[in-house]
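I have placed the structure first, in the form of structure tokens, so that the comments after it can refer back to it.
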Amino acid sequence: MSIKKLQWILIGGAIIAIGSYAGILIYLAWPINEVSINKAGVFGDSFGILTSLFSALAFAGMIITILLQKEELGLQRKELADTRHEIAAQKEILRTQSFNDNFYRLLDYYKDNLSQVVVFDKESNQNISGVSALKYLLDKFSEKQQEYKHYYNPHDEQLMKVFEYHLFMDIQQILMKQGRYLRTLESLLALVEKRLEDDKNLYWNIIESQLTVHEVKYIFYHTLINCDEGLGQLVKCSGLIESRAPTSGLPKTHLYVFNQRLSLRISTKGFGIKKPHRRGEIRRIKRVYMESQIKKKIARAPTENVVSVIESQ
């Protein structure tokens, strides 16, 4: 029921009550023999009971009004709270959309800068770009490192110093630092690191899925020599190297130095090959099969000789 309708009902009820009460009084006092001010005053005083009744009703109406206002205020507060939650949800959606736009834009910049990495191959007399350029540099680096691998000895501190010295020198001299490419990667990792939510791993995994083996190796070596700086710390936080290094073909000697420098425990064994059956059992089956084939050949040999003799005659 609307408030306006309720107001008309209350006003109409009051008029009807007063009129009915006046009609009853006139009926009871009829016939009226004298009309005077004194009689009219007595007649007016007889409405005192209605006055008390309406005063009580007015007080009750005030209380009801207060309760209705309280309920309305409660509904308004609930509506405001729902509105705030909705606005907060919309802000979060907009913030996530803005983050995703920035993230994928930076990821595109990263790929574009990777494609612009160029090195000159003197042997073929041509430029090599993109991932192929990284592979070219890594191959040159691996060839050079073969000269110093005999210095690797984790139990001899002095020899390890020599090994690490040449490792760091070759990284800086052969694996030329590609500024824009690495800075874009650093900006991409920093963008995700600043995100406070629990879905960081989702974006770390997206970045990781975009990296080729050669990119992982290149990032690995630059993280090694910059382990205390921005890129090194961000790579360590993201776990990119830890998840990809075991299957990237990195030398165990370099993984050992990396673990020591960054206080990590990257496995040097890679992922194990899944086997449906044990190797010993497969060997036994092969041996039995070969022995049975040899026995069949021996059993067929006399018959074949006889046939050949008859054909010759």
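Keep in mind the model is a prediction, meaning the values are calculated, not measured.
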Holding to side-chain contact (heavy atoms from CB on, under 4.5 Å), I want the full list of residues that pass it with Lys149, two or more places apart in sequence or in another chain. Gln146
Is there a path from Phe141 to Ile241 through hydrophobic residues (I, L, V, M, F, W, Y) whose side chains come within less than 4.5 Å of each other? yes
Within a reach of under 6.0 Å around CZ of Phe99, are more than 12 heavy atoms found that belong to other residues, nucleotides or ligands? yes
Could you check whether the rings of Phe163 and His254 sit parallel, tilted or perpendicular, using 30° and 60° as the cut-offs? tilted
Shortest non-hydrogen contact from Leu188 toward Ile207: CG-CD1, 3.8 Å
Drop me the distance from Ile219's CD1 to Leu175's CG, to the nearest 0.5 angstrom. 12.5 Å
Tell me if the centroids of the rings in Tyr110 and Tyr181 come within less than 6.0 Å of each other. yes
Has the side chain of Asn205 got a donor or acceptor atom that lies under 3.5 Å from a matching backbone atom of Asn201? yes
Check Gln145 against Asp170 and note the closest heavy-atom contact, atom names and distance. NE2-OD2, 2.7 Å
State, to 0.1 Å, how close Cys237 and Trp204 come at their nearest heavy-atom pair, and which atoms those are. O-NE1, 4.3 Å
Does His150 NE2 have over 12 foreign heavy atoms under 6.0 Å away? yes
Can you check whether Val131 reaches Tyr136 side chain to side chain, under 4.5 Å on heavy atoms? no
Apply side-chain contact (heavy atoms from CB on, under 4.5 Å) to Ser209 and list each qualifying residue two or more places apart in sequence or on a separate chain. none
Show every salt bridge (charged side-chain N to carboxylate O under 4.0 Å, His left out) that has at least one partner inside residues 127-143, sequence neighbours left out. Glu123-Lys140, Lys135-Asp139
Any sub-3.5 Å donor-acceptor pair from Ser248's side-chain atoms to Arg244's backbone N or O? yes
Determine the minimum heavy-atom distance between Leu262 and Lys236, stating which atoms define it. O-NZ, 2.9 Å
Donor + acceptor pair across side chains of Tyr256, Tyr152 (<3.5 Å): no
Grab the two heavy atoms, one from Val119 and one from Ala133, that are nearest each other, plus how far apart they are. CG2-CB, 3.8 Å
Does any N or O in the side chain of Arg105 come within less than 3.5 Å of the main-chain N or O of Asn100, such that one atom is a donor and the other an acceptor? no
Across all chains, not counting sequence neighbours, the side-chain hydrogen bond (donor to acceptor under 3.5 Å, both in side chains) partners of Lys111 are Gln210
Classify the side-chain pair Ser98/Asp101 by whether it contains a donor and acceptor separated by less than 3.5 Å. no
Quick check: do Val192 and Ile206 have side-chain heavy atoms less than 4.5 Å from each other? no
Could you pull out the closest heavy-atom pair between Asn153 and Met160, with the gap in Å? O-CG, 3.0 Å
Taking ring-ring contact (aromatic ring centres under 6.0 Å, His included) as the definition, give me every residue that meets it alongside His222, ordered by chain and number, with sequence neighbours left out. Tyr218
Phe220: ring-ring contact (aromatic ring centres under 6.0 Å, His included) partners, not counting sequence neighbours: Phe258
